[in-house]
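The chains referred to below are lettered A, B, ... by the order of the sequence lines, with proteins before strands, and numbering in each begins at 1. The figures that follow rest on heavy atoms only: side chains count, while hydrogens, waters and symmetry mates do not.
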There are 2 protein chains.
Amino acid sequence: MGHSQEDKRGNHERIVSIAARQFRERGIDGASIADLMKEAGLTHGGFYKHFASRDELVLEAMQHAFDSSARQQGSGAPTGKLTFASLVEAYLSPRHRDDPGTGCAVAALASDVGRAGRDVRSAYTGQVRRSIDALRHLSGADDDPDGRRASVVALCVMAGALGLARAVDDDALSREVLESASQFLLGQSDEDENEDAPRA
Amino acid sequence: MGHSQEDKRGNHERIVSIAARQFRERGIDGASIADLMKEAGLTHGGFYKHFASRDELVLEAMQHAFDSSARQQGSGAPTGKLTFASLVEAYLSPRHRDDPGTGCAVAALASDVGRAGRDVRSAYTGQVRRSIDALRHLSGADDDPDGRRASVVALCVMAGALGLARAVDDDALSREVLESASQFLLGQSDEDENEDAPRA
DNA sequence: ATTATCTATAGATCTATAGATAATGC
DNA sequence: ATTATCTATAGATCTATAGATAATGC
C-alpha cells in the first residue's frame, strides 16, 4: 500500500479511468463505488478522500471519456490522417458496437444523461456541440450553409445507429443497422469493403 | 381493499401500465417495485402474487409500451389518417421529447436494453423490426429496393435525435436537433410550421 | 506531524419471502 | 375454503462517514 502524493495522483487517475469505462458499460447508475475501487486495487472507504461525492466522479469520468475520444480522433486513422469516411467506418463498426467501455460517450450515456443532474447535462451538452462542429469540419462543410444541419443529422444517425445496434439481439439486424447508417453517411460509395468473403 | 378476481385483473393491468411509464421515465433499473406499487395504491409485498419476478414485469411492461405505441399510431393523427409526415412531426416534437413516459419505448429504452437479459432484448428486437416495416410502409417505399435501407436510417435518425434532444441541457440546441432531423426526414419541405410567431 | 488508505459501520434502498388479515365465492 | 392484499422482515446492495493504521516528508 503506497502512500505518497504521487501514488495518490496515480490512484485518482486510475479510478477516473476505470469509472469512465464502467459508466459507459454499465450505465451511470449501474456502476458502484465499491466495484470501481476494487478494480483499482483499493478499498471503497478511501473513495471520499479522492472525490467529494459520487456525482463529482461522474463529472470527472465523463470529461475523461470525452477527452480520450478527442485524443483518439486527434491521433487519426492508422495511416495518420482522419477523414470523415474513416471516422464513420470506425464509429459504425462491430468493434465499436461491442466495446462501449472505450467508445463514444455521447452515444453510450445519452439516456442516462437525460435523467442526470445539471452539471452532468451541461458537460454533455458541450461535447455534443464539439461533436457537431468536428463532424462539420471533417465533412468539409464549413462553408456549406446546409452543412450545420447535415452535421446534426449525421450525429443523430451515428448515435442512433450505435444505440440500436447494441440493443438488438440479432447480429444480422445489428449489422444491417450499422451498414445502412454507414452507407447513408458515406453516400452509398463503400459497397462491401468489410465483408469477410468477397462475392463471386 | 378489494379482493375479487376482477379487482386483481384491474390491479395487474394498472401495475403494468404504471411500470411501462416509469421504466421509460426513470430507466429499467431506475424504477423500484415499492414505488410502482405505491403509485398503484398497493403495498410492495403483494407484487409477487402478480409477477414471478421483477424481470417478468419488465417484459410485460415493455410489451405494454410497444402495444400502446402501435395503438396510438393505428388511431392516426387527429384527422384520422396517419402519414409519414405526421408521424415524424409528432415523434420529433418538443411534446414527445418532454414526455418519455408515454412515448416511444424503442428510443427511451435503447441503452437499458443493451445491458438487459435475453428475453428483454428479444422482445425489443421484435419491436425494432416492426418499426422498420411500419416506416417503410408509411413512406410508401414498399416497392423501392432502397426503401428498406432508408427506413432503417429513418429509425436511427428518429431515435438518435430524440435521445440527444432529451439529454442536451439547452432548449435551442435541443430544438435544433429535432428540427434538423425533421427537415431531413421530410425533405426540407416543412419550413417553419411550428414557429410560435410567423416571421415578417 | 501529516496524510493516503483501510476497517468497520450507519442509514437508506431494493428484491424477495413468510405469515397474517380480510375479503370473495362455492 | 380459497385467495388477494397487507405487515414484517431477511438478505443484499449502495453511498457516505468515523476512526484506526501505516506510510510519507518535513
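Atom-to-atom, CD of A/Q5 to P of D/dA23 comes out at 17 Å; the value is rounded to the nearest Å. As a whole-Å value, the separation of A/I15 CD1 from C/dA4 P is 12 Å. To the nearest angstrom, C1' of C/dC6 lies 12 Å from NE2 of A/H50.
Ion pairing between a basic and an acidic side chain is recognised when a charged N comes within 4.0 Å of a carboxylate O; A/R148 and A/D133 show such pairing.
When side chains are defined from C-beta on, A/L164 counts as touching B/Y124, because their heavy atoms get closer than 4.5 Å. A 4.5 Å side-chain heavy-atom check between B/H64 and B/E13 finds every atom pair outside the cut-off. The side-chain heavy atoms of A/I132 and A/R136, taken from C-beta on, include no pair separated by under 4.5 Å.
When atom types are taken as modelled, the side chain of B/R24 and the backbone of B/A20 share a donor-acceptor pair closer than 3.5 angstrom. Looking only at distances, no side-chain donor or acceptor of B/R97 sits under 3.5 Å from a matching main-chain atom of B/R166.
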Annotated structure of DNA chain C as dot-bracket, pair cut-off 3.5 Å, Watson-Crick or G-U only, | for inter-strand, is ||||||||||||||||||||||||..
I'd like to compare against my own output: the B/S/- annotation of nucleotides 10-21 of chain C with a strict under-4.0 Å heavy-atom distance to protein. ----SSBB----
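Summarising the local packing, CD of A/E56 is surrounded by more than 12 heavy atoms from other residues, nucleotides or ligands at distances under 6.0 Å.
Exactly one residue among A/S182, A/C104, A/S86 makes a side-chain contact (heavy atoms from CB on, under 4.5 Å) with A/Y91. That residue is A/C104.
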